[in-house]
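Given the structure is predicted, the values throughout are model-derived calculations rather than measurements.
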Amino acid sequence: MSIQSAISKLRSPVRDLVNAVTREGQELGGQNEADEKEVVGWIEKTSQGTLVNENNLKDLDALLVPKTYIATNYLTAADIALYGELHPFVAKLQPSEYYAVPSLTRYFDHIQSGAAVRASAASLNDAFKKISFDLDNAPQLERKAEPSKKKDKAPKPPVDSTSHKVSTPNAEESSTSTSTPSVEKQKEKKEKKKGAVSEAGGSKEGKKGGVAKTQPAEDAEPSPSMIDLRVGHIVDVVKHPDADGLYVEQIDLGEETGPRTVVSGLVNYIPIEQMRDKYLVAVCNLKPANMRGVKSFAMVLCATSKDGKDAGIELIQPPVGSKPGDRVYFEGSEYENATPLSQLNPKKKIFETVQPGFITLDTKEAAWVNPTTKSVHKIRTAKGVCVAPTLIGASLS
């Protein structure tokens with residue numbers, strides 16, 4: 001079956017939306033035979049009415065956790081069809097209900113924010129009005145800690161020397177035995193030992209910068225280590241539907257909830273072709289901001305020429321081999337062992353206070369220069385130092 005035949009089976013308003021987006025110049029087919037088969041399959045599932053209903057939104061949410069798009073790794077007719085079918089259901093959801101399906105909400109908002117979708121929706125008498133989500137008050141997702149690979153060794157039961165049989169002491173005997181310490185006491189000793197190591201200056205892992213060990217107090221003096229920098233990968237980028245100078249990007253930061261929506265004012269400085277599929281450094285703990293109707297959940301770190309924006313803006317690039325979510329930190333024992341704040345308080349002006357020290361060196365390496373001591377702290381990952389492609393002496397923001 002062809003994609004057009006599959007589209008013809010969609011119910012009227014959804015079919016009209018898919019065709020209208022195509023007329024807007026958006027290519028919605030598969031880029032190869034395998035992708036086209038996937039697109040057709042998902043459109044068929046959508047048209048059958050079994051993929052979207054009030055009872056399976058959580059199942060669909062689980063399906064969308066690792067996905068930016070439903071059928072392929074780029075926008076297709078399957079996404080427009082799914083968005084169209086979801087619209088009447090999502091429009092009725094209360095905040096507590098769409099908070100419960102975060103991946104579905106993220107996917108829906110991403111598709112509806114596309115310029116072609118918005119233009120097409122307007123031409124259909126607002127049958128697919130843009131839905132606003134109150135994400136400021138969304139509850140934080142709980143991250144389940146990975147289970148420890150090390151298993152506590154249970155104390156060996158004593159052996160009866162006369163019969164050579166293993167005897168099992170009762171609970172009271174186990175708790176009072178002096179010959180075999182309990183598991184709880186062993187854990188207590190380990191925790192005390194860890195505490196002593198931490199007070200002495202951190203573990204070997206912490207000194208290497210591979211594992212964060214300490215978190216600065218929120219009311220402490222602003223420090224670059226309070227800023228959560230991570231490697232990101234742009235998996236999709238479009239122009240903002242309501243702002244000529246803004247891009248809306250989907251950036252993979254290695255999170256279970258999928259890519260974050262990020263709005264960047266780079267249209268006039270970096271061509272969209274140079275944004276696609278790029279690896280970059282993102283500031284991940286700024287308070288989400290509404291940018292002309294689109295919520296932005298991070299900031300792209302860029303280098304701006306010392307001669308001004310018109311002289312050039314470039315994305316800061318992580319080392320080759322970096323993966324989404326890799327930790328980016330500042331060299332120096334006082335910084336590389338620290339955990340950033342979960343979210344920067346806008347009233348504290350932490351980023352604004354630290355940012356003037358961000359610069360690219362003569363080597364084009366990104367760094368922070370301590371304004372008091374003039375010490376240089378390069379911005380890096382475990383794989384190497386982050387750089388600007390060509391700019392020297394550029395400011396970073």
Item checked: Evaluation steps, side-chain contact (heavy atoms from CB on, under 4.5 Å), between N345 and I350 -> CA-CA 7 Å; N345 186 339; I350 293 171; 5.5 Å; no
Checklist line | Check against side-chain contact (heavy atoms from CB on, under 4.5 Å), E38 and T76 | finding: CA-CA 10 Å; E38 283 291 318; T76 68; over 6 Å; no
Residues 302-312 side chain polar contacts: donor-acceptor under 3.5 Å, at least two apart:
| from | atom 1 | to | atom 2 | distance (Å) |
| --- | --- | --- | --- | --- |
| S305 | OG | D307 | N | 3.1 |

How close do [X] and [Y] get, counting heavy atoms only, and between which atoms?
{"X": "L315", "Y": "M275", "value": "CD1-SD, 4.1 Å"}
{"X": "R118", "Y": "K130", "value": "NH2-N, 3.4 Å"}
{"X": "F358", "Y": "I227", "value": "CZ-CD1, 4.0 Å"}
{"X": "C386", "Y": "T381", "value": "SG-CG2, 4.4 Å"}
{"X": "Q343", "Y": "P288", "value": "NE2-CD, 3.7 Å"}
{"X": "A78", "Y": "W42", "value": "CB-CB, 3.9 Å"}

Next item on the list: For the pair R230 and E255, find out whether any cationic side-chain nitrogen is under 4.0 Å from an anionic carboxylate oxygen.
Entry: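 The answer is yes: the pair qualifies as a salt bridge.
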For [X], I'd like to know if atom [atom1] has over 12 heavy atoms of other residues, nucleotides or ligands within 6.0 Å.
{"X": "K239", "atom1": "NZ", "answer": "no"}
{"X": "R292", "atom1": "CZ", "answer": "no"}
{"X": "N32", "atom1": "CG", "answer": "yes"}

If hydrophobic clusters are built from ILVMFWY residues whose side chains come within less than 4.5 Å, do [X] and [Y] share one?
{"X": "L63", "Y": "L82", "result": "yes"}
{"X": "L57", "Y": "V65", "result": "no"}
{"X": "V101", "Y": "F89", "result": "yes"}
{"X": "V248", "Y": "F133", "result": "no"}
{"X": "Y269", "Y": "L396", "result": "no"}

Supply the atom-to-atom distance [X] [atom1] to [Y] [atom2], rounded to the nearest 0.5 angstrom.
{"X": "L75", "Y": "Q250", "atom1": "CG", "atom2": "CD", "value": "11.0 Å"}
{"X": "L64", "Y": "Y69", "atom1": "CG", "atom2": "OH", "value": "12.5 Å"}
{"X": "D61", "Y": "T257", "atom1": "CG", "atom2": "OG1", "value": "10.5 Å"}
{"X": "M299", "Y": "R260", "atom1": "CE", "atom2": "CZ", "value": "13.0 Å"}
{"X": "L51", "Y": "E44", "atom1": "CG", "atom2": "CD", "value": "12.5 Å"}
{"X": "S113", "Y": "H240", "atom1": "OG", "atom2": "NE2", "value": "7.5 Å"}

Min side-chain heavy-atom separation [X]-[Y] under 4.5 Å:
{"X": "L86", "Y": "L60", "result": "yes"}
{"X": "N19", "Y": "Q4", "result": "yes"}
{"X": "P259", "Y": "I251", "result": "no"}
{"X": "I43", "Y": "V18", "result": "no"}
{"X": "H87", "Y": "I111", "result": "no"}
{"X": "L253", "Y": "C284", "result": "yes"}
{"X": "V385", "Y": "I379", "result": "no"}
{"X": "Q48", "Y": "K9", "result": "no"}

Would you find a donor on one side and an acceptor on the other, under 3.5 Å apart, between the side chain of [X] and the backbone of [Y]?
{"X": "Q274", "Y": "P271", "answer": "no"}
{"X": "N370", "Y": "T373", "answer": "yes"}
{"X": "Q317", "Y": "P389", "answer": "no"}
{"X": "S264", "Y": "L266", "answer": "no"}
{"X": "N56", "Y": "T50", "answer": "yes"}
{"X": "K364", "Y": "L361", "answer": "no"}

Check: How far apart are the C-alpha atoms of L17 and I80, what are their side-chain angles, what is the distance that settles it, and do they pass the side-chain contact (heavy atoms from CB on, under 4.5 Å) test?
Finding: CA-CA 7 Å; L17 178 65; I80 308 302; 3.8 Å; yes
Notebook entry, point to check: Where does the angle between the aromatic ring planes of Y335 and W368 fall among parallel (under 30°), tilted (30 to 60°) and perpendicular (over 60°)?
Noted result: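 If you compare the ring of Y335 with that of W368, the planes turn out perpendicular.
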Next item on the list: On the 0 to 90° scale, with breaks at 30° and 60°, tag the F108-Y83 ring pair as parallel, tilted or perpendicular.
Entry: tilted
Next item on the list: Give every residue pair that meets the side chain to side chain donor-acceptor pair (under 3.5 Å) criterion with at least one member in residues 350-360, sequence neighbours excluded.
Entry: none
Item checked: Residue pairs passing the side chain to side chain donor-acceptor pair (under 3.5 Å) test where at least one lies in residues 277-286, sequence neighbours excluded -> H233-D277
Next item on the list: Dump the intermediate steps for side-chain contact (heavy atoms from CB on, under 4.5 Å) on D109 and Y98, then the final yes or no.
Entry: CA-CA 11 Å; D109 196 37; Y98 59 70; over 6 Å; no
Checklist line | Donor-acceptor side-chain pairing of Y107 and D79 below 3.5 angstrom | finding: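 Yes, because at least one side-chain N or O of Y107 sits under 3.5 Å from a partner of the opposite role on D79.
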Margin query: Is it true that E314 and T390 share a donor-acceptor pair across their side chains at a distance under 3.5 Å?
Written below: yes
